[in-house]
Amino acid sequence: MGDVLVYTEPTGNTESLLALARPLAQAAGGEVIALRAGAGAGESDGLAGADVVLEVSHPSLSSYLPEAHQAALTAAIKARQPDLVLLENTTAGYDLAAACAELADLPFVGYCQQVSLEGGQAQTASGIYGGQLVANARTQLPAVCAINSTALHDHAPAAGRGEHAELTPPDELEHLRTKFVEEIAPPEEAGVDLAKAERIVCVGRGIGGAENIPVAQDLAEALDAALAASRPVIDSGWLPKVHQVGKSGAHVKPKLYLTLGVSGAPEHIEGMQGAELIVAINTDPGAAIFNIAHYGAVADLFDVADEMTQLVGG
Ligand SMILES: Cc1cc2nc3c(=O)[nH]c(=O)nc-3n(C[C@H](O)[C@H](O)[C@H](O)COP(=O)(O)OP(=O)(O)OC[C@H]3O[C@@H](n4cnc5c(N)ncnc54)[C@H](O)[C@@H]3O)c2cc1C
């Protein structure tokens, strides 16, 4: 009892999640267990912060097949009886967390920006309505929490005991009703990785049309930044989907996030509020983006973008 079980995603923020788990396990008087569910023995990269690396291997776990990973995580919860189960609040992590909480009959709290344990309860602060409100909750342990990427910091966790243990694959994996068929990469610009970008220039509907995208593209190039967009820009076909930031797009944490004609809707803010420095250009002084921007200009983006490109481009 008192353990914190961390589900690790192959491309997830595992080290940071383990770093967050350590003080929680200490508070509960238990250990940090990292669950690695995959098709075979994998690398131990990023798992040094675990006291126990619990491995469950089965061919159906090679990719994110929800039914298979739900069975594996639920089996791990039942086998190890942790006080707390932590997942990253990614698309897959949120999906898995909610389903496993139901299967294991545990309460679930999503979008956690903070978690602490006290008196047999988890105290959580979750960003809701795109981070516009914070919901504080006290939840009886054991519980499942999905942690927002903005709460995960780049600290390496203290080294754990590093024990390796095997979990027998649950029987359900032999009787799955779904099958992973293939992974389809986004058709265009598969190389765009907004989550790793240090600087981002983001265009909103204020850009007016596909013919004006080069204005933002030029500024992005001058700043050595990636180009991102709000959803209407994507839905209008002005840029491919890989550029979308927000609730249904990428969640980003760059050092600089410069917006051009973005209003700051909650669904957009949800994906970029972790940026270190937010700069907004918008003609509307009442635009919500100014509520979270560190610097802002009430101005026409075409004037500002061109001038900035010239200044930065030298
Ligand atoms: C379930 C769900 C999921 C969603 N997911 C996402 C998501 O992932 N990402 C996302 O972005 N949205 C998402 N949305 C949509 C979201 O609600 C907003 O509609 C969207 O973010 C608005 O985009 P925008 O700011 O570009 O456009 P608008 O809200 O139309 O704002 C355009 C802004 O440009 C300004 N402007 C106009 N002309 C100029 C100019 N010349 N110079 C400077 N400023 C100018 C205007 O003042 C205005 O503030 C989602 C919505 C739902 C319901």
Please evaluate residues R231 and E267 with respect to the criterion salt bridge (Lys or Arg N to Asp or Glu O under 4.0 Å), reporting the C-alpha separation (whole Å), side-chain torsions for both, the decisive distance (0.1 Å), and the verdict. CA-CA 9 Å; R231 181 162 157 179; E267 294 83 3; over 6 Å; no

W238 versus R205, closest heavy-atom pair with distance: CZ3-O, 4.0 Å

Any chance you could lay out the salt bridge (Lys or Arg N to Asp or Glu O under 4.0 Å) test for D51 and R22, step after step, and finish with the verdict? CA-CA 9 Å; D51 294 311; R22 172 62 56 196; 2.9 Å; yes

If you measure from CG on N13 to NZ on K253, what distance do you get to the nearest 0.5 Å? 6.0 Å

Is it true that, when you exclude Q121 itself, more than 12 heavy atoms of the residues, nucleotides or ligands shown sit nearer than 6.0 Å to its CD? yes

Can you confirm whether more than 12 heavy atoms, excluding those of E307, are under 6.0 Å from its CD atom? no

For the CD1 atom of I292 and the CD1 atom of I269, what is their distance to the nearest 0.5 Å? 4.0 Å

Looking at Q140, I'd like to know if its CD atom is crowded, meaning that more than 12 non-hydrogen atoms belonging to other residues, nucleotides or ligands lie closer than 6.0 Å. yes

Restricting to non-hydrogen atoms, name the atom on E31 and the atom on D3 that form the minimum distance, rounded to 0.1 Å. N-OD1, 2.7 Å

Tested for side-chain contact (heavy atoms from CB on, under 4.5 Å) against E88, the lone hit among T8, L152, L96, L20 is L152

Would E276 and K255 count as a salt bridge (Lys or Arg N to Asp or Glu O under 4.0 Å) if you check the C-alpha gap in whole Å, the side-chain angles of each, and the deciding distance to 0.1 Å? CA-CA 5 Å; E276 255 175 57; K255 292 202 161 92; 5.4 Å; no

Got a list of side-chain donor-acceptor pairs under 3.5 Å for residues 58-71, not counting sequence neighbours?
{"residue": "H58", "atom": "ND1", "partner": "S60", "partner atom": "N", "Å": "3.1"}
{"residue": "H58", "atom": "ND1", "partner": "S60", "partner atom": "OG", "Å": "2.8"}
{"residue": "H58", "atom": "NE2", "partner": "E174", "partner atom": "OE2", "Å": "2.9"}
{"residue": "S62", "atom": "OG", "partner": "P59", "partner atom": "O", "Å": "3.3"}
{"residue": "Y64", "atom": "OH", "partner": "A92", "partner atom": "O", "Å": "3.4"}
{"residue": "Y64", "atom": "OH", "partner": "D95", "partner atom": "OD2", "Å": "2.7"}
{"residue": "E67", "atom": "OE1", "partner": "R177", "partner atom": "N", "Å": "3.0"}
{"residue": "E67", "atom": "OE1", "partner": "T178", "partner atom": "N", "Å": "2.9"}
{"residue": "E67", "atom": "OE1", "partner": "T178", "partner atom": "OG1", "Å": "2.5"}
{"residue": "E67", "atom": "OE2", "partner": "R177", "partner atom": "N", "Å": "3.1"}
{"residue": "E67", "atom": "OE2", "partner": "R177", "partner atom": "NE", "Å": "3.4"}
{"residue": "H69", "atom": "ND1", "partner": "Y7", "partner atom": "OH", "Å": "2.7"}
{"residue": "H69", "atom": "NE2", "partner": "L61", "partner atom": "O", "Å": "3.2"}
{"residue": "H69", "atom": "NE2", "partner": "S63", "partner atom": "O", "Å": "3.0"}

Distance in Å, L167 CG paired with L73 CG, rounded so as to fall on 0.5 Å steps: 10.0 Å

Nearest atoms (heavy-atom pairs only) where A287 meets N282: CB-ND2, 3.6 Å

Indicate the atoms forming the closest heavy-atom contact of L84 with C145, along with that distance. CD1-SG, 3.9 Å

Looking at A104, is its backbone amide N or carbonyl O close enough to the side chain of T74 to form a donor-acceptor pair, meaning the two atoms are under 3.5 Å apart? no

Determine the minimum heavy-atom distance between P254 and I200, stating which atoms define it. CG-CD1, 3.9 Å

More than 12 heavy atoms of other groups within 6.0 Å of E118 CD: no

Can you give me the closest heavy-atom contact between I207 and L301, atom names plus distance? CD1-CD1, 3.7 Å

